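The structure appears right after this line, and notes come after that.
Here the structure is a predicted model, which is why all the values come from computation and not from measurement. Count residues from 1 along the sequence. What you see below is based on every heavy atom in this structure, not just the backbone, and it leaves out hydrogens, waters and symmetry mates.
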Amino acid sequence: MNPISRLPLLALSLALFASHGGSGSPPAPADRMAVVELFTSQGCSSCPPADRLLSKLSQDSRYQGKVIPLSFHVDYWNSIGWQDPFSSARWSERQKAYAGRVFHSNRIYTPQVVVNGHAECVGNSEGEVLGRIADALAAEPAGRVSLTVEPPTPDGHLKVKVGAKLARAAGAGDLDLWVAVYESGLSTEVKAGENASRILRNDRVVRRLEKAFTLPGAAGSEKSGELVLGIDKRWKPGALGVAAFLQDPATLAIQGAAAREVGR
């Protein structure tokens, strides 16, 4: 059993309510944003530069509140000498979904960056990554996502409140609101594989991903909810953050997002 992808949901409560237009007021303008998903592995010698670039993006003041970097450690490198402690078969399946449904390919590789669910490039090519981000920030998403996160409780839970509203229609179907818990400041002494004898540092590592609710894709649709998520006692509470993003399950395009550091 993978300890990251199959952690028990200790508590999950959703308080959902919806409205579908008809308010008479114009929709609020959507926020420009770029969700940057890096598919990486500690077993891949080409990945550390991409990991460093992701960390750089998360610390760049120009991108605060606009660029949301997330690191997904895949598991298909684990059979080649090193078991990545942050890897998950679920993240490999997420990458395969992008390859097949968005990029119409059976090829997956590391390091790969996917921006807003519809553009990709090699993850250690800074110029290409920044270009994809610039394109994403030039486009107005269909939705706006709100997010608040309370400090962890003494018994190891995170209370997350999320909301989403569509300023315009987004595709023909519904959208899913996903919540990701990530951890930064991680350090690993790699003892085998292509990165043997190196100490690798990783930020924005996705620890769990949960669906909060489904939102109708019609203009003016609005919904909010609350999740209470169990966190592993091995995670450092001060290094955790939460991202929420609105994604079309058919096209995988991301139509709005927000992120908060825990306790800030």
Side-chain angles (χ1 to χ4, degrees), residues 1-9 35-58 68-103 105-115 117 120-124 129 158 178-211 229-237 239-243 245 247 252 259:
M1 179 180 292
N2 186 282
I4 300 173
S5 63
R6 297 180 182 269
L7 282 170
L9 185 60
V35 176
V36 180
E37 299 180 57
L38 171 65
F39 294 94
T40 185
S41 171
Q42 290 186 347
C44 163
S45 61
S46 300
C47 286
D51 298 328
R52 291 193 293 271
L53 175 57
L54 197 80
S55 297
K56 179 180 175 181
L57 291 172
S58 70
I68 301 173
L70 297 172
S71 180
F72 291 90
H73 286 236
V74 298
D75 73 335
Y76 50 82
W77 279 90
N78 288 356
S79 61
I80 315 176
W82 176 249
Q83 293 280 323
D84 187 329
F86 311 125
S87 64
S88 169
R90 187 180 174 194
W91 310 153
S92 300
E93 290 302 316
R94 183 172 178 83
Q95 187 183 27
K96 289 176 184 176
Y98 279 128
R101 291 155 56 187
V102 181
F103 308 122
S105 171
N106 59 5
R107 174 177 175 255
I108 57 174
Y109 67 92
T110 56
Q112 182 187 31
V113 155
V114 177
V115 178
E120 69 92 23
C121 66
V122 177
N124 56 18
V129 172
L158 275 180
W178 290 93
V179 173
V181 178
Y182 58 82
E183 185 177 8
S184 296
L186 295 163
S187 180
T188 306
E189 182 181 355
V190 179
K191 298 181 179 180
E194 291 188 0
N195 290 310
S197 302
R198 300 183 64 179
I199 295 177
L200 299 183
R201 293 174 173 81
N202 295 109
D203 293 316
R204 312 285 288 213
V205 175
V206 175
R207 290 300 209 166
R208 68 181 308 162
L209 182 66
E210 304 290 346
K211 186 165 72 171
L229 301 171
I231 58 175
D232 193 295
K233 63 181 180 180
R234 294 168 294 181
W235 303 347
K236 301 181 291 263
L240 296 179
V242 177
F245 55 91
Q247 188 163 37
L252 299 184

[X] [atom1] to [Y] [atom2] distance, which is reported to the nearest 0.5 Å:
X    : Y    : atom1 : atom2 : answer
K211 : Q247 : NZ    : CD    : 11.0 Å
L70  : S58  : CG    : OG    : 10.5 Å
N124 : T110 : CG    : OG1   : 9.5 Å
L38  : W91  : CG    : CH2   : 13.5 Å
L240 : L158 : CG    : CG    : 6.5 Å
T188 : D84  : OG1   : CG    : 7.5 Å

Indicate the atoms forming the closest heavy-atom contact of [X] with [Y], along with that distance.
X    : Y    : answer
G81  : A192 : O-CB, 2.9 Å
G123 : A50  : O-CB, 3.3 Å
F103 : E120 : CZ-CB, 3.4 Å
P48  : L200 : CG-CD2, 3.9 Å
Y76  : S92  : CD2-OG, 3.6 Å

Atom NZ of K236 with >12 non-hydrogen neighbours under 6.0 angstrom: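 Count over threshold, so yes.
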Show your working on side chain to side chain contact (heavy atoms under 4.5 Å, CB included) between Q95 and F72 and close with a plain yes or no. CA-CA 9 Å; Q95 187 183 27; F72 291 90; over 6 Å; no
Can you find a heavy atom in the side chain of [X] that is under 4.5 Å from one in the side chain of [Y]?
X    : Y    : result
V113 : V122 : no
V179 : L209 : no
V206 : F86  : no
I68  : V36  : no
H73  : S41  : no

Does the plane of the ring in F39 sit parallel, tilted or perpendicular to the ring in Y98? Use 30° and 60° as the thresholds.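 Taking Y98 first and then F39, their aromatic rings stand perpendicular (interplane angle over 60°).
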Working for side chain to side chain contact (heavy atoms under 4.5 Å, CB included), residues L57 and V129: CA-CA 10 Å; L57 291 172; V129 172; 4.3 Å; yes
Flag, side chain of S87 to backbone of Q83, donor-acceptor distance under 3.5 Å: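 Side chain of S87 to backbone of Q83: no pair is present.
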Keeping N202 on the side-chain end and L186 on the backbone end, is there a donor-acceptor pair under 3.5 Å?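 No.
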From the list R204, R234, R207, side-chain contact (heavy atoms from CB on, under 4.5 Å) partner of E183 resolves to R207
The criterion is ring pair (Phe, Tyr, Trp, His ring centres under 6.0 Å); which residues satisfy it with Y182, sequence neighbours excluded? none
Can [X] and [Y] be counted as an ion pair, charged N to O under 4.0 angstrom?
X    : Y    : answer
R208 : E210 : yes
E37  : R94  : yes
E93  : K96  : yes

Test side chain to side chain contact (heavy atoms under 4.5 Å, CB included) on V190 and I199; report intermediate values, then the result. CA-CA 6 Å; V190 179; I199 295 177; over 6 Å; no
Between S45 and N195, does a side chain to side chain donor-acceptor pair (under 3.5 Å) hold up when you go through it step by step? CA-CA 6 Å; S45 61; N195 290 310; 5.4 Å; no
